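Structure first, commentary second.
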Amino acid sequence: MKITFLGHATLLLKVGGKTVLVDPFISGNPKNNNQVDKDTLNPDYILVTHAHQDHVLDVEDIAKRTNAVIVSNFEIATYYENKGLKVHPMNHGGSWTFDFGTVKYVNAIHTSSFADGSEGGLPGGFIITSVNKSIYIAGDTALTMDMKLIPMFAKLDLAVLPIGDNFTMGVDDAIIASNFVECNTILGYHFDTFGFIEIDEAKAVEKFKAAGKQLHLLPIGDSLTV
């Protein structure tokens, strides 16, 4: 799998011969200084962890243009289905094998509602397994004991964890989360975009290193491969 960081909590995955976009918040991201143009993205699927604006802002525009399938919880999928878009609804604990790999929708502790006040269901994260590789995309979440279940489902090659604190886990809790999910290679996201979630990046990397782990903090547009 090739994972490209597109800013904030937006990821672009090349996996199983398909392109998967996660939580597209591009056009409204104040840190995106024309590094990413949403109109050049052509995903086959769009995965949505929850309904907050900083995760769904560009979902509708991209899905309309590309005919991508939106994968999320039942409430979010229904919201977009009612707009005439293609969807695949899921719910917590469920898995589905798509043509790019298997996706399991797992618990997250956060809130979830659309900017227009519509119901966004309960937030979640995704475990994606393809070609003998597995990654965990936590979404916006607090540290939760449910993370200890994840190694029962998959041996992770990468965990994507929020580290910005205030609205989600911070660095210290994310280190504990990486222990819970039994993964020492971490991609940090959901940090520095806004004032409430600014962090000391060098200190974060050192804290993970001291815990025997590697924290990747990618510039917008950069990629890593697992």
Side-chain angles (χ1 to χ4, degrees), residues 1-29 31-32 34-73 75-77 79-81 83-90 96-106 108 112 114-115 120-121 123-131 133-141 158-162 187-190 193 216 218-226:
M1 301 187 204
K2 181 180 179 182
I3 300 102
T4 302
F5 179 62
L6 300 185
H8 193 53
T10 306
L11 306 170
L12 188 71
L13 280 58
K14 297 288 188 178
V15 53
K18 299 294 181 180
T19 302
V20 179
L21 181 63
V22 183
D23 286 356
F25 174 68
I26 298 163
S27 61
N29 183 351
K31 298 292 186 181
N32 179 27
N34 298 316
Q35 298 106 311
V36 182
D37 180 355
K38 70 179 177 64
D39 293 329
T40 65
L41 302 176
N42 292 288
D44 301 290
Y45 296 88
I46 301 174
L47 273 56
V48 178
T49 61
H50 66 294
H52 285 162
Q53 188 78 337
D54 61 327
H55 294 255
V56 303
L57 180 64
D58 298 315
V59 168
E60 189 172 345
D61 282 351
I62 294 172
K64 280 181 177 177
R65 178 175 55 80
T66 65
N67 206 31
V69 178
I70 299 166
V71 180
S72 192
N73 67 35
E75 288 78 11
I76 291 173
Y79 177 89
Y80 288 115
E81 186 175 42
K83 292 175 175 286
L85 300 173
K86 292 170 64 175
V87 303
H88 180 102
M90 298 189 74
W96 188 264
T97 299
F98 296 90
D99 54 3
F100 63 87
T102 299
V103 175
K104 187 174 183 70
Y105 191 66
V106 296
S112 179
F114 286 96
F126 297 102
I127 301 171
I128 302 172
T129 301
S130 179
V131 198
K133 298 289 185 178
S134 292
I135 67 171
Y136 167 47
I137 301 172
D140 283 11
T141 187
L158 178 72
V160 184
L161 303 177
L187 174 61
Y189 75 168
H190 205 279
T193 316
H216 295 276
L218 298 178
I220 292 176
D222 277 17
S223 305
L224 59 83
T225 302
V226 298

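All residue numbers refer to positions in the sequence shown, counting from 1. What you see is a predicted model; the values in this text were computed from it and never measured.
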Rounded to the nearest 0.5 Å, what separates atom OG in S134 from atom CE in M1? 6.0 Å
Looking at side-chain heavy atoms only, is the closest gap between L224 and L158 below 4.5 Å? yes
Write down the atom of L218, the atom of D222, and the distance for their closest heavy-atom approach. CD1-O, 3.6 Å
Side chains of F5 and I220: does their closest heavy-atom pair fall under 4.5 Å? yes
Applying the side-chain contact (heavy atoms from CB on, under 4.5 Å) test to L47, which of D23, I137, I128 qualifies? I128
If you take all heavy atoms of A63 and I70, which pair is closest and at what distance? CB-CD1, 3.9 Å
Does any N or O in the side chain of Y189 come within less than 3.5 Å of the main-chain N or O of V160, such that one atom is a donor and the other an acceptor? no
Identify, with sequence neighbours excluded, every residue that meets ring-ring contact (aromatic ring centres under 6.0 Å, His included) alongside F25. H8
Flag the pair N67 / K86 as yes when at least one side-chain heavy-atom distance between them is below 4.5 Å, and no otherwise. yes
I need the minimum non-hydrogen distance between K38 and R65, along with the two atoms involved. O-NH2, 2.8 Å
N/O donor-acceptor pair under 3.5 Å between S112 side chain and A51 backbone: yes
Measure the shortest side-chain to side-chain distance between L57 and S27 over non-hydrogen atoms and say whether it is less than 4.5 angstrom. yes
Main-chain N/O of V48 paired to S72 side chain as donor or acceptor, under 3.5 Å: yes
Could you tell me if the side chain of L21 sits less than 4.5 Å from the side chain of T10, heavy atoms only? yes
When rounded to the nearest 0.5 angstrom, what is the spacing between CD in E81 and CD1 in I76? 13.5 Å
Would you say the rings of F126 and Y136 are close, in the sense that their centroids are separated by under 6.0 Å? no
Set out, in order, the CA-CA distance, both residues' side-chain angles and the distance that settles side chain to side chain contact (heavy atoms under 4.5 Å, CB included) for H190 and D54, then state yes or no. CA-CA 10 Å; H190 205 279; D54 61 327; 3.4 Å; yes
Apply side chain to side chain contact (heavy atoms under 4.5 Å, CB included) to the pair T19 and N42, showing each step before the final yes or no. CA-CA 7 Å; T19 302; N42 292 288; over 6 Å; no
Taking the side chain as everything from C-beta on, heavy atoms only, tell me whether Y80 gets closer than 4.5 Å to V59. yes
One pair to check against ring-ring contact (aromatic ring centres under 6.0 Å, His included): Y45 and H88. What are the steps and the verdict? CA-CA 10 Å; Y45 296 88; H88 180 102; 8.7 Å; no
Would you say L187 and L11 make side-chain contact, with heavy atoms under 4.5 Å? yes
With under 30° as parallel and over 60° as perpendicular, where do the rings of F98 and F100 fit, or are they tilted in between? parallel
Would L41 and L6 count as a side chain to side chain contact (heavy atoms under 4.5 Å, CB included) if you check the C-alpha gap in whole Å, the side-chain angles of each, and the deciding distance to 0.1 Å? CA-CA 11 Å; L41 302 176; L6 300 185; 3.9 Å; yes
Starting at CG of D58, measure out to CD1 of I26 and round the result to the nearest 0.5 Å. 5.5 Å
Is the shortest heavy-atom distance from the side chain of L13 to the side chain of K2 under 4.5 Å? no
